[in-house]
Structures are given as structure tokens and as C-alpha cells.
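What follows is a short report on a single structure.
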Amino acid sequence: MSAESTPEPGIPGDDNGTTGPDGGRGRRKPRARRRGLMIAAWTAAGVVVLGGAGLGYVYFKLNGNLKSVDIDQALGTDRPTKADNGSENILVLGSDTRSGSNKKLGGGTDDGSARSDTAMIVHVYRGHRTASVVSIPRDTLIDRPACTDPKGVTHDAARDVMFNSAYSTGGAACAVKTVESMSGVRMDHYLEVDFAGFQKLIDQLGGVRITTTKDIDDPESHLRLKAGTHTLDGEQALGLVRTRHGVGDGSDLGRIQLQQAFVKALLDQVEHVGLLGNPKRLLDLADTATKAVTTDSGLGSVNSLMSFADGLKGIGASDMTMVTLPVRYDPADPNRVLVEQAKARLVWNALKTDTAIPKAATTGNATGEAAGVVASS
């Protein structure tokens, strides 16, 4: 399965009766169960069941776990206008901090800093039945706007710096500001997941079953898999979404292709886990999920996170288009990529107007050569 071509760029269309970008409804095939967009969102939806059972203490326990950042206050009013078409944009980051419980998982040294190892813009279309995900390569050279970090220190704007430096410079607010500056698209929400929490979530879900078409051997991410079918535990799953040297051309673009394929495999599997009949397991998973994530203040309570999740739980892997921001390799440094500006504008305009991402934006770009290495089982 190619992470960038399954399904084709654009919204899963009217041919199979799913909802299009305009939110219109055709005939849909019945589903045995509804699936979640992300682990954290799906887990939060399950908490509704626990709350309905009268376990009031669950709310206070989980609410105390959540960490949030007031993005609106940090960035003020000088931002792109919110869309009024019913769509939403969520910036999702995977943080590769080397400190605390993440130190033994991340490799490298504990220098007290953190970077956005994974960055995805999730665009939920009007009607909340389909979504597009745009991955931003961490090695993309961009112009970062001036940012104020969580300690109140202002950092001047910088030209031609790596995208993931925005997070290490100014934290969540700077990452959001940088994405909005690049795209002109307003981020409605922010969600960050750390290494340790990701690993534990996968373990509590019972692992994720995937098939690899090639051997993967990357000592840097501690991942060794023979070609074939595997049920990845948390440590292996973390290794897979972080590996870049064990498959493809060794670039971050190849890693993104693996990440996108893994997300689809995870969503395909979530509906079969059967947590709703096991309140203890569900509570443990919700406890881990709420400890693992940092959100914007708009999602910073269990009530708001559950409401948000409830609006997404009809979106499954088949309803999601995954693409990578159009880039080309930097001729001056093969370890960096440059934005293909004309094609990128097609992507950003599609998000602004709540329309399908055109195929013209996703063809002929640098890819990473890891497409098809990982597929759902």
C-alpha cells in the first residue's frame, strides 16, 4: 500500500457513496462499528460510556492529566481568519523530547530540547465524514516568523531554517504560528503526543498488525523487521514511525510514508479492539491517552475533548486522504528539502476552501522511496 496513493489525493468520492467536500450525503455502505480519527480522540469518545455509567471520579482523574497551551492568547489576533464553512484544521505534532521517560526511547542526547519529529495538518471537511492529512517534512527549509517561547523570550524571525526548529525555538505556539505563516490557513486546534505515551498506548491496544514488503533494519531507531506480517508492540511501533535509515532513500520523506501507512493500519484495526466491553481496560487506556497528549486550551478539558472526539468518530481510514507537502530535494544539501511553492499553494487553497486536494499538487514531487513498504494486515 502506498501511503500517498491510497486513496488517491482528493476526498473519497461519490463513487462509493461517501460524503464529499461539500458535506452532501450519498448512499453509504453500513458499518459494523464507527472508527476514530486518532487514538486519543477515539479513546476520549469511549470515556463518554464510563461517564454515563456514573463514574464521576473518572472525569476529575482524566481532567487532571491533561496539559494544554493557550494558543489564542500566545498568538493574539494577527492570524488567518477562521473558516466559516464547517471545516476544522488540527495541527498534530509528535514530540521527540530527549528528557524524562522519553530519553531512553528517543536516542541522542538529553540536551533539554525537543523537536517536532512528526507534523501533520488534519483537515476535517464540512459534515465531519471525510478528512485530508498533510504531512510536513521536518527537514523542510522554511522562513520562521518571530516567536515568543513559553518563558517569555522573543526570538527573531529566521530564514531558511528547518521546519522542526520552530517547536524547539518557541514550543507549541511557535509551531502553530509557523504553519499558519507558511500556509495562510488557520489552525483551529493543536494536539501533541510524546514518545513514552505513544509507546504505552500501542501496548495497551494490544499492538498493531502490519505487513512489511521489505526487511527493515535501523539500529538508530532500534527496529529490525523481516519482510512479512508482524504485530508491532509499542517499542516496535515507535521505531517504525521514527525510522528513516532502514528503508527507502534514508530521508525524512521515507519516514513520512511509513508514518502514513502506520496510521492507516492503526485506524483499520481500532474497530476490532473491543474496549467498550472492558471498562477497566478502557479506563487504563484513557488514563494513558490523557497523560500522553498536550492540547490547545480549547481541547484542554475532558468535556471538550470528548465533544471534539464525538464529532470525528465517523471518520475511518477509508475516509481519509494522506499526502505530503509538495517538496523537492535541496540541491545544496540532500538532507534538506525545499517547498514546491506553486504546488503547495494548491494544497493550502484546498484546505482554505474545503475542497479536494488536486492530484496536480501531489505528483512529480520528492517522495522518499518507501511507499508500499508497510501495509495493513
Can any side-chain N or O of [X] pair as donor or acceptor with the backbone N or O of [Y] at less than 3.5 Å?
{"X": "Glu369", "Y": "Gly254", "result": "no"}
{"X": "Arg144", "Y": "Asp156", "result": "yes"}
{"X": "Lys214", "Y": "Gly372", "result": "no"}
{"X": "Asp252", "Y": "Pro137", "result": "no"}
{"X": "Arg255", "Y": "Arg242", "result": "yes"}
{"X": "Ser307", "Y": "Asn303", "result": "no"}
{"X": "Asp354", "Y": "Arg126", "result": "yes"}
{"X": "Asn349", "Y": "Leu346", "result": "no"}

Check this for me, if you would: do [X] and [Y] make a salt bridge, where the nitrogen-to-carboxylate-oxygen distance has to be below 4.0 angstrom?
{"X": "Arg336", "Y": "Asp160", "value": "no"}
{"X": "Lys82", "Y": "Asp188", "value": "yes"}
{"X": "Arg244", "Y": "Asp139", "value": "yes"}

Testing the 3.5 Å rule here: is there a donor-acceptor pair between the side chains of Tyr190 and Thr294?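 There is no such pair (donor and acceptor under 3.5 Å, judged by atom type) between the side chains of Tyr190 and Thr294.
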Checking side-chain polar atoms at under 3.5 Å, does Thr211 have a donor or acceptor matched by the opposite partner on Thr229?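 Yes, because at least one side-chain N or O of Thr211 sits under 3.5 Å from a partner of the opposite role on Thr229.
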Determine whether more than 12 heavy atoms belonging to other residues, nucleotides or ligands lie under 6.0 Å from atom NZ of Lys343.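 Correct, the count exceeds 12.
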Of the non-hydrogen atoms in [X] and [Y], which two are nearest, and what is the gap between them?
{"X": "Pro331", "Y": "Leu338", "value": "CD-CD1, 4.2 Å"}
{"X": "Arg328", "Y": "Val339", "value": "NH1-O, 3.6 Å"}
{"X": "Pro80", "Y": "Gly184", "value": "CB-O, 3.5 Å"}
{"X": "Asn89", "Y": "His123", "value": "OD1-ND1, 2.6 Å"}

